[in-house]
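Structure first, then comments.
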Amino acid sequence: MEKAIRIDQIFKNETAHLEKEVTIQGWVRTRRDSKAGISFIEVNDGSCLRNLQVIADRSRPELESVVERLATGCAVQVQGVVQASPGKGQSIEVHAERIDLFGWADPAVYPLQKKRHSFEFLRTIGHLRPRTNTLGAVARIRNRLSFAVHQFFQKEGFFYVHTPIITSSDCEGAGEVFRVTTLDPAAPPAPGNPDGNVYSQDFFEKPAYLTVSGQLQAEIYALALGKVYTFGPTFRAENSNTSRHLAEFWMIEPEMAFYDLQDNLELAQSFIKYVISAVLDDCQEDLNLFARFVEPTLMETLETLVRETFQVITYTEAVEILKKSGESFDYPVEWGTDLQSEHERYLTEKKFRKPVAIIDFPRAIKPFYMRVNDDEKTVAAVDVLVPRVGEIIGGSQREERLDVLLKQMEIKAVPAEEYQWYVDLRRFGSAPHSGFGLGLERLVQFTTGLGNIREVIPFPRTPGHADF
RNA sequence: UCCCCGGUAGCUCAAUCGGCAGAGCGGGUGGCUGUUAACCACUAGGUUGGCGGUUCGAGUCCGUCCCGGGGAGCCA
């Protein structure tokens, strides 16, 4: 293969490439002809949002024979010289010496056109949608965020831990689970086998599930390595059809020994600010696309997040604020119940207009592993809310006291025998520790302003959909 | 899962009170031009999501199913 230069590298230093010969490889976005003389071919190679304009002199038969076939979607390689462009809209262009057509795309049936498509339609062509401006920009921003996650934790001295995808505990208090089995539901094991236990014939010889969280296992490593994080796929079998839920998504879960809730909160704040800053610094072109065509307030929201300190309030204070707000909510605000979406949106979008961290939730509405506060009515939990998306982070200080944890498990009806290893962590060298979970897709939604989570993951899995 | 809205040409959409199914873009053909969502002319393209019903007549009204979107719950 010819050694090609990526288009973003040319745009990064245009003057250095002037009058130089380059080879580019990519896909034709548009072709405009000047029958008398030349064709204008815009090529995109995915390295950046912008296309590079290629000029082809059609009086040269070897070019004409290729150019006449070029249509939107064709894969090409172009060799030519970078020159200053006399036209408007671009400062440089490539004057083609040679054009190779690798893969033709029949314009009569190629689904992508030189026009706006609806996101719904693009979802039906998941194999082609990353070739659009918007979905390409999503992919680059998602990549930058993911890389920034590792950069942040590595510079802070965290270790990346791979927690299991398959687990055998199903009651972690985080929703419905997918079963993992090699048994054939169309031909289940015959009843009445010797021990009467169908799972004895299954692969793991007991019920197994796809993970809903790596937190409990991350706690194991936090209590050995000090500071760890997980970043991997997570699964929820909830039958929820919303613009904010996926059956398969990517979650980031840091877990830190010797961190209390306050330390946890400070980490969460510096973490979000770091990854958003990375995108603001390195993805300006892509962000501008979203600010122009998707969410006009995008830049202001992102810059506010980076600049301002998060508002921290207790759950009890939040309830008081909501009751005094004078807003007419569809759902009543009452201490002891979960805050509704409308309540969260009021706090972060109207009242404080920036990220809001709510701490110290009622014990009754939070999972067993959260640390019970001295008032015994609340737990050391934190939810971080951001405008448009709502809850982006959920975390807590974990209950490190053996007796209190056992009591919590009893109250929440969590079978202690299944969590012997988890309880053991409190029995042997227990230490205060904390952590939180952040859904990558929610973060990408927040960063791009896209309303539907199905646009921010390459291949969305939702109830009734596991295509591509 | 619940509530609301929608499904019309390849795509984005229109069609008044129930009365001949349309436009733009895209495709094809021809023309024109250092073009920029190029432009001009001509042209092809439809079981109006499926099934059933009301009616002289249904894209339009009724029932039902399927699919999509928005919102809610649950959560990240």
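Note on naming: letters A, B, ... go to the chains in the order of the sequence lines (proteins, then strands), and numbering restarts at 1 for each one.
Counting distance only, with no hydrogens placed and no angle test, the side-chain atoms of A/E93 and the base atoms of B/G34 include a donor-acceptor pair under 3.5 Å. The base of B/U35 is not paired with the side chain of A/E42 by any donor and acceptor separated by under 3.5 Å.
Taking the six-membered ring for Trp and the full ring otherwise, the centers of A/H150 and A/F231 sit less than 6.0 Å from each other.
Under 4.0 angstrom from either OP1 or OP2 of B/C74 there lies no side-chain N or O belonging to A/S240. For the OP1/OP2 pair of B/A72 and a distance below 4.0 Å, the side-chain nitrogens and oxygens of A/R244 include at least one atom meeting the criterion. Residue A/Q113 has no polar side-chain atom (N or O) positioned under 4.0 Å from OP1 or OP2 of B/G10. Side-chain nitrogen and oxygen atoms of A/R454 include at least one within less than 4.0 Å of the OP1 or OP2 phosphate oxygen of B/G69. Distances shorter than 4.0 Å separate none of the side-chain N or O atoms of A/R236 from OP1 or OP2 on B/C75. Listed pair A/N241 / B/U1 fails the phosphate criterion, with no side-chain N or O lying under 4.0 Å from OP1 or OP2.
Among the nucleotides B/C75, B/G73, B/G71, the one closest to any side-chain atom of A/S243 is B/G71. Nearest to the side chain of A/H117, among B/C75, B/G34, B/C11, sits B/C11. Taking only side-chain atoms of A/N452, from C-beta outward, the nucleotide of B/U35, B/G69, B/G73 with the closest atom is B/G69. Among the nucleotides B/U12, B/G73, B/C74, the one closest to the side chain of A/D338 is B/C74. For A/H465, the listed nucleotide lying nearest its side chain is B/C67; candidates were B/C67, B/U12, B/G34. Proximity note for A/R123 (side chain, C-beta onward) versus B/G69, B/G27, B/A72: the nearest is B/G69. Residue A/Q340 has its side chain nearest to B/A72 when only B/U12, B/A72, B/G68 are considered.
Note on A/I252: nothing from the nucleic acid sits closer than 4.0 angstrom, heavy atoms only. Among the atoms of the strands shown, base atoms are found under 4.0 Å from some heavy atom of A/P86. Counting non-hydrogen atoms under 4.0 angstrom, A/F121 reaches the backbone sugars and phosphates but no base. Using a 4.0 Å heavy-atom criterion, one finds that A/Y331 contacts the sugar-phosphate atoms exclusively. As judged by a 4.0 angstrom heavy-atom cut-off over every strand, A/E342 is placed among residues making no nucleic acid contact. Looking at heavy-atom distances under 4.0 Å, A/G87 makes contact with a base. Note on A/Q445: nothing from the nucleic acid sits closer than 4.0 angstrom, heavy atoms only. Within the 4.0 angstrom heavy-atom criterion, no nucleotide atom of any strand lies near A/L440.
Between A/F153 and the options A/F271, A/Y160, A/F159, a ring-ring contact (aromatic ring centres under 6.0 Å, His included) holds for only A/F271.
Judged by the 6.0 Å and 45° rule, A/K351 forms no cation-pi pair with A/Y346.
With both pairing distances under 3.5 Å, B/U55 is matched to nothing as a Watson-Crick or G-U wobble pair. Of all nucleotides present, only B/C67 satisfies the Watson-Crick or G-U wobble test against B/G6, with each distance under 3.5 Å. With both pairing distances under 3.5 Å, B/A23 is matched to B/U12 as a Watson-Crick or G-U wobble pair.
Using a cutoff of 4.0 Å between basic side-chain nitrogens and carboxylate oxygens, A/R50 and A/D8 are not scored as salt-bridged. A salt bridge does not link A/R236 to A/E248: none of the charged nitrogens lies less than 4.0 Å from a carboxylate oxygen.
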Which side-chain N or O atoms in residues 137-147 of chain A pair as donor and acceptor under 3.5 Å with protein atoms at least two apart or in another chain?
residue	atom	partner	partner atom	Å
A/R140	NE	A/D286	OD1	3.4
A/R140	NE	A/D286	OD2	3.0
A/R140	NH1	A/G46	O	2.9
A/R140	NH2	A/D286	OD1	3.0
A/R142	NH1	A/E441	OE2	3.0
A/R142	NH1	A/V456	O	2.8
A/R142	NH2	A/E441	OE2	2.9
A/R144	NE	A/D282	OD2	2.8
A/R144	NH1	A/Q151	OE1	3.1
A/R144	NH2	A/Q151	OE1	3.2
A/R144	NH2	A/D282	OD2	3.1
A/S146	OG	A/R142	O	2.8

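Against RNA chain B, the stretch residues 124-138 of chain A makes no heavy-atom approach under 4.0 Å.
Among residues two or more places apart in sequence or in another chain, the side-chain hydrogen bond (donor to acceptor under 3.5 Å, both in side chains) test is passed with A/H245 by A/T242.
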